[in-house]
Engineer: 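My structure is below; once you've seen it, I'll send some questions.
The figures that follow rest on heavy atoms only: side chains count, while hydrogens, waters and symmetry mates do not.
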Amino acid sequence: MMFGTLLRFRLRRDRTQLIVWALALFFMMYAVVADVQETFPTAADRAATLKVMLVTPAILMFRGTPQGASEGAFTATLGLAFMALLAGMMSTFLVVRHTRAEEERGQAETIAATAAGRLAPSLAVIAEGVLANVMATVVIALGCLAGGLPAAGSWLLAAGCGVTGLSFVGVALVFAQLMPTSRSANGWSAALVVVAYFVRGIGDAAGEVHDASLSLTPAWPSWLSPIGWAQLAFPFAQNRVWPLPIGAAFFVVLVGVALLVQDRRDVGAGVIAERRGRIGASVVLRGPFGLAARLERGTLIGWIVALVALSTLVGDLSGVVVDQLASAGPGVADAINRIGGEQGTVLQAFANLGAVFSGLLAAAICVQGAMRLRQEEAVGLADAALAAAVGRTRWMLSYLIVAAIGAVVALVLGGLVSGSLAGAQAGGFSAWFGGIVWQTPGVLVFLGITALTFAVLPQATMAVGWVVFAAAGFLGMFGPLLGVPEWAQKLSPLVHAPAVALPHPDYTGGWVMAVLAVALCAAAVLLFRRRDTRPVG
């Protein structure tokens, strides 16, 4: 009885966020299908683009596993890994919010003291995670079917995304037992989703290419990733069901481990204990800015390392990308130019594509930085800080400034690395460096949007922040390739960054984004000053 009550309560409380995720997943999947049909109506069109991917490891890292030029297989190549990534993110945030975060607020201890026992809250969140991923499976399949794709491949692609989400339900549940705070549990769980995406990408980039069938056999790293298991089903091509039970078994094992650990640890305490601090705070930690920097340090370092690694890959490939593309046959240069920009050479378009990817990673820093405001408010720590001699404006700006500085540092370091490795290619150091650094204004718009959501609708901060991030990334990276209408592409702040690597870059969009970012952050601070704080009680 208590289990059913908890499950209904959580589903009712999460109703808005689940609806937002469902709509986002459906429309993103449908957009991929519809735009493939519009932009690549013939097998020859799709084959030309596949030839680019099969000879360019950097593109394979961020796309998928090519399995032929059929409409469905091409759609899976472009969209499956990205949709599975979103399902993984949805699952980790849901689980941590109802496990480790509830323990921090003392809610889990209250429930454990009743007849429900200690395991009822975890069992309820496991059930909600399963239902959320069933929902994701259904809406993704409907997105494929609405575009007219074959039913068998549509349901297999969607099931792969759902099983990936289930895998990360288990991952997040384990980290909720191990980590001492919801912040660290969220950080590690989300980081593993990103790691799974890139491990799968390494498997694709190092895979065996089959030119005759325009397909690829992934290398062994793909077998280490839940997203890789979804791709190995090869929907719309071989339609293999057997890789998916691997993810289901992974979920069952991790759930068992998590419940076993939970039964043996103290309520409210993670297996990994928090480090004891000094009796007195250092000078740096005696203000809100220093505290925000300390709390965000691990997240910032992780994203900065990821962006620098990406920039290293892009810069290092600049010397061989032209030779690789030249061997792909006629029409390939046109396809890569469609992805990175049609005004310049193939290498200039490749440099611009790398800058957009760098901007997306830096945007994640801003989204997570602004989300930290809601995390602090939800557990009551914002009230504790604001009860001291710290004004609302100063407290909020401290987190926003830390996130902005982290994004800028990441982009500058990425530009330095990419430009140094590229050398004189495609305009030289200044073009590669400037292309990445000029992503800054658009990146800061993500900070303003998430902060404004926190100020107006704090309960929806995480859902809106990540959905906007995913939608903007989809439009900014996939939009040109899929032929998304120009007006829709311009909804992404990343599209407005000046393409410094291309001839005659237009800097107007960059300045407009800078003004917009400042205006959004200012509005967020003003509106937060006029509302009550809303801890989750």
Side-chain angles (χ1 to χ4, degrees), residues 56-63 82 85 191 194-195 197-198 201 205 299-318 321 336 339-341 344 347-369 403-423 425-447 469-470 472-481 492-502 505 507 509-510 513-514 517:
T56 311
I59 297 178
L60 290 173
M61 282 282 294
F62 295 97
R63 290 296 189 258
F82 189 71
L85 174 73
V194 176
V195 167
Y197 183 83
F198 281 104
T299 301
L300 293 176
I301 292 174
W303 283 113
I304 290 172
V305 169
L307 196 150
V308 171
L310 171 66
S311 300
T312 302
L313 175 65
V314 172
D316 195 43
L317 285 173
S318 63
V321 68
I336 193 68
I339 301 171
L347 187 54
Q348 288 172 327
F350 180 76
N352 187 49
L353 179 63
V356 173
F357 278 126
S358 299
L360 187 63
L361 290 182
I365 297 176
C366 290
V367 171
Q368 281 203 308
I405 291 175
V408 171
V409 169
L411 290 170
V412 169
L413 291 177
L416 290 171
V417 170
S418 184
S420 299
L421 291 173
Q425 301 280 351
F429 175 85
S430 60
W432 291 79
F433 177 78
I436 292 179
V437 171
W438 264 102
Q439 297 291 321
T440 301
V443 163
L444 295 180
V445 171
F446 289 90
L447 183 69
F469 172 81
F474 174 83
L475 293 171
M477 295 190 303
F478 291 84
L481 178 65
S492 171
L494 301 174
V495 172
H496 297 276
V500 177
L502 299 178
Y507 292 87
M513 290 297 103

Engineer: Can you name the nearest heavy-atom pair linking F446 to V367, along with the distance?
Structural biologist: CB-CG2, 4.1 Å
Engineer: Heavy atoms only: give me the nearest A497-Q439 pair and the separation to one decimal.
Structural biologist: CB-NE2, 3.5 Å
Engineer: Which atoms form the tightest heavy-atom contact between I365 and A403, and what is the distance?
Structural biologist: CG2-O, 3.7 Å
Engineer: By side chain to side chain contact (heavy atoms under 4.5 Å, CB included), which residues pair with V412, not counting sequence neighbours?
Structural biologist: V408, L416, F433, V437
Engineer: Quick check: closest heavy atoms across F469 and A364, and the distance to 0.1 Å?
Structural biologist: CE1-N, 3.6 Å
Engineer: By side chain to side chain contact (heavy atoms under 4.5 Å, CB included), which residues pair with A362, not counting sequence neighbours?
Structural biologist: L307, A407, L411, V443
Engineer: Heavy atoms only: give me the nearest F429-G415 pair and the separation to one decimal.
Structural biologist: CE1-O, 4.3 Å
Engineer: Taking side chain to side chain contact (heavy atoms under 4.5 Å, CB included) as the test, write out the residues that go with P441, two or more places apart.
Structural biologist: W438, M513, A514
Engineer: Checking side-chain contact (heavy atoms from CB on, under 4.5 Å) for the pair W432/I436: CA distance, chi angles, key distance, verdict?
Structural biologist: CA-CA 7 Å; W432 291 79; I436 292 179; 6.0 Å; no
Engineer: Which heavy-atom pair separates A404 from L447 by the least distance, and what is that distance?
Structural biologist: CB-CD2, 4.1 Å
Engineer: Kindly write out the residues that satisfy side chain to side chain contact (heavy atoms under 4.5 Å, CB included) with V308, not counting sequence neighbours, or none if the list is empty.
Structural biologist: I304, T312, L413, V417
